[in-house]
Amino acid sequence: MSTNTEARLFSPTTIGAIGVVNRVAMAPLTRSRADMEGVHSELAIEYYRQRATAWLIISEATNISREGRGYAFTPGIYTDEHVASWRRITDAVHEAGGKIVCQLWHVGRMSHVSLQENGAAPVAPSAIQADEQVFLESQTVERPSMPRALETAEIQRLVEDYRNAARRAMEAGFDGVEVHAANCYLLEQFIRDSTNKRTDQYGGPVENRTRLPIEVITAVAEVWGADRVGVRLSPITRAVGDTPLDSDPEGTYFYLAGQLGKLGLAYLHCVEGQTRGDNGAGDFDFKRLHAKFGGKYIANNSYDRQMAIDAAESGHADMVAFGRPFISNPDLVARLRLDAPLAEANRDTFYGGGAGGYTDYLPLADAA
Ligand SMILES: Cc1cc2nc3c(=O)[nH]c(=O)nc-3n(C[C@H](O)[C@H](O)[C@H](O)COP(=O)(O)O)c2cc1C
C-alpha cells in the first residue's frame, strides 16, 4: 500500500454542494435514545459532537411523520420541538467543524399499532405483514402489525409529508438530507415486487414501483436543490428479519439508479449486501449500479480500513460510510489515518438507554 493510496481516502472532495475534507462518512445509526415524542435529549448533542470529525455525518433515521414511526424512542423532524432539538445538534457539529445531513425515514409496514395514532394499522403498498422485529415503548421487541394498503388518493399526502420534513430539516440547520429508500422500509417496500402487489400506477412494472421514491426525491430536491439530496438503497438486504428480495434485483435497481442519475443528486449511498453482513455478499454488481447512477457514490457495509482505502483508490467509492465502528470510535477518522486499533462496540447498548455505550467511548488519546 503506497502513501498515495492512503491519501485518497483522507483527501478532500465534494459531494454535490457539500465539501468534505476526507472520504470517510458516518453511516446512519438508530440509537433509540430520544423521548417518545421523538425529541432528543442533551446526550445526543454530545454524541454527535464527539463524532464531528466524520466530515459527513448521516443522521440516524428520522421520522417524517407520526405515521412513519416504527420504533420507540426514535427522533422525528415534523414538529417545532423536533426542529429545536436537532438545531442544537447541527450547531454543535458545525462548531466542531463537521457536516451533517438528515436521513428522512418512513418505515411503512415496519411498525406496530402501539406506535401509531389511536392504534391505527401501519401503512404499506400492500397488506402484507412483515416477518421482522420492531422495538416498542415497553422495551420489548415484537413482530410488526398487519399493515393496510395505501389508497391511491393518499399517496400524494405522503409526498407532502416528505416535503414538509425536508423543509423542517432545513430549518434545523442540516447541510442536506438523505432519503432513506433502503433496509426494506416504506420506499423500498414500493420498489420491490415482493412487497408491492398494487395494481394502480404505483405497482406492477418497475416504472410504476419506482414512481413513489422518484416523486418523493423530486419533491425533496425542490426544497433543497438536488445537489444537497442523497438517497440510500440496499438492493439485496433482507433487513433484520426476512424481507424477501425483488424478483430481479439488478433489473429493478439498475433502472432506478439510471432514473436517479437524471436528477443531479448529491450522491447515491448503497448498503452493499445484507445490512451488517459480509460486504457485497450475494449476486449483485454494485460497480455497475454506481455506473448507472453516474454521480457520486458512498459505499457501505462491513468495510474495514484497507477495503475503504482500496475503494477510494479504485474509484469504486467517492466516500465510504462506516456504521458500527463509529459507535465505539468517535475519532474513527484519526484512528484510520494512523492505522490505530479500533474499539469494539457493545451490541447490548446499540438501542435505548443513556450515556453507557453512547457518549462514553473515548477518543484515542484519552483511551491510551
Ligand atoms: C445500531 C445500528 C443502527 C442502525 N440504524 C440505521 C439507520 O437509522 N438507518 C440506516 O439506513 N441504516 C442503519 N443501520 C445500518 C448502518 O447504517 C450500516 O449500513 C450497517 O451497520 C453496516 O455498516 P458497518 O459494517 O460499517 O456497521 C444501523 C446499523 C446499526 C448497527
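Counting convention: from 1, in listed order, for ligands and their atoms alike. As the structure is a prediction and not an experimental result, all values here were calculated from the model. One-based numbering along the sequence shown.
Taking the centre of each ring, F73 and Y71 stay at or above the 6.0 Å mark. Residues H82 and Y78 place their aromatic rings such that the two centres sit under 6.0 Å apart. Separation of the Y297 and H316 ring centroids falls under the 6.0 Å cut-off.
Counting only heavy atoms from C-beta outward, the side chains of I18 and V101 approach each other to under 4.5 Å.
Atom 5 (N) of ligand 1 has T30 N, 2.8 Å as its closest protein atom, hydrogens excluded (heavy atom only). If you check which protein heavy atom lies closest to atom 22 (C) of ligand 1, you get N301 OD1, 3.3 Å. Protein heavy atom in closest approach to atom 30 (C) of ligand 1: R276 NH2, 3.4 Å. Remark: minimum distance from atom 18 (C) of ligand 1 to any protein heavy atom is reached at N300 OD1, 3.3 Å. Remark: minimum distance from atom 13 (C) of ligand 1 to any protein heavy atom is reached at P28 O, 3.1 Å. Of the protein's non-hydrogen atoms, Q103 OE1, 2.9 Å is the one closest to atom 9 (N) of ligand 1. Scanning the protein for heavy atoms near atom 2 (C) of ligand 1, the closest one is Y351 OH, 3.4 Å. Summary of contacts: the protein heavy atom closest to atom 10 (C) of ligand 1 is R232 NH1, 3.1 Å.
Polar contact check, G323 against ligand 1: a nitrogen or oxygen pair lies under 3.5 Å apart. Backbone and side-chain nitrogen or oxygen atoms of T275 are examined, and none is located within less than 3.5 angstrom of a nitrogen or oxygen of ligand 1. Considering backbone and side-chain N/O atoms, S302 comes within less than 3.5 Å of an N/O atom of ligand 1. For I327, no nitrogen or oxygen atom sits less than 3.5 Å from a nitrogen or oxygen atom of ligand 1, counting backbone and side chain alike. Checked against a 3.5 angstrom limit, the closest N/O atoms of E60 and ligand 1 fall outside it.
A salt bridge between R66 and E117 is present, with a side-chain N of the basic residue lying under 4.0 Å from a carboxylate O of the acidic one. Between R88 and E42 there is a salt bridge, since a side-chain N of the basic residue sits under 4.0 Å from a carboxylate O of the acidic one.
Exactly one residue among V333, V20, I100 makes a side-chain contact (heavy atoms from CB on, under 4.5 Å) with W55. That residue is V20. Exactly one residue among V231, I77, N63, V229 makes a side-chain contact (heavy atoms from CB on, under 4.5 Å) with L104. That residue is I77.
A cation-pi arrangement, defined by a distance under 6.0 Å to the six-membered ring centre and an angle within 45 degrees of its axis, is present between R33 and Y358.
Of the candidates H180, R324, H269, it is R324 that places a heavy atom closest to atom 25 (O) of ligand 1.
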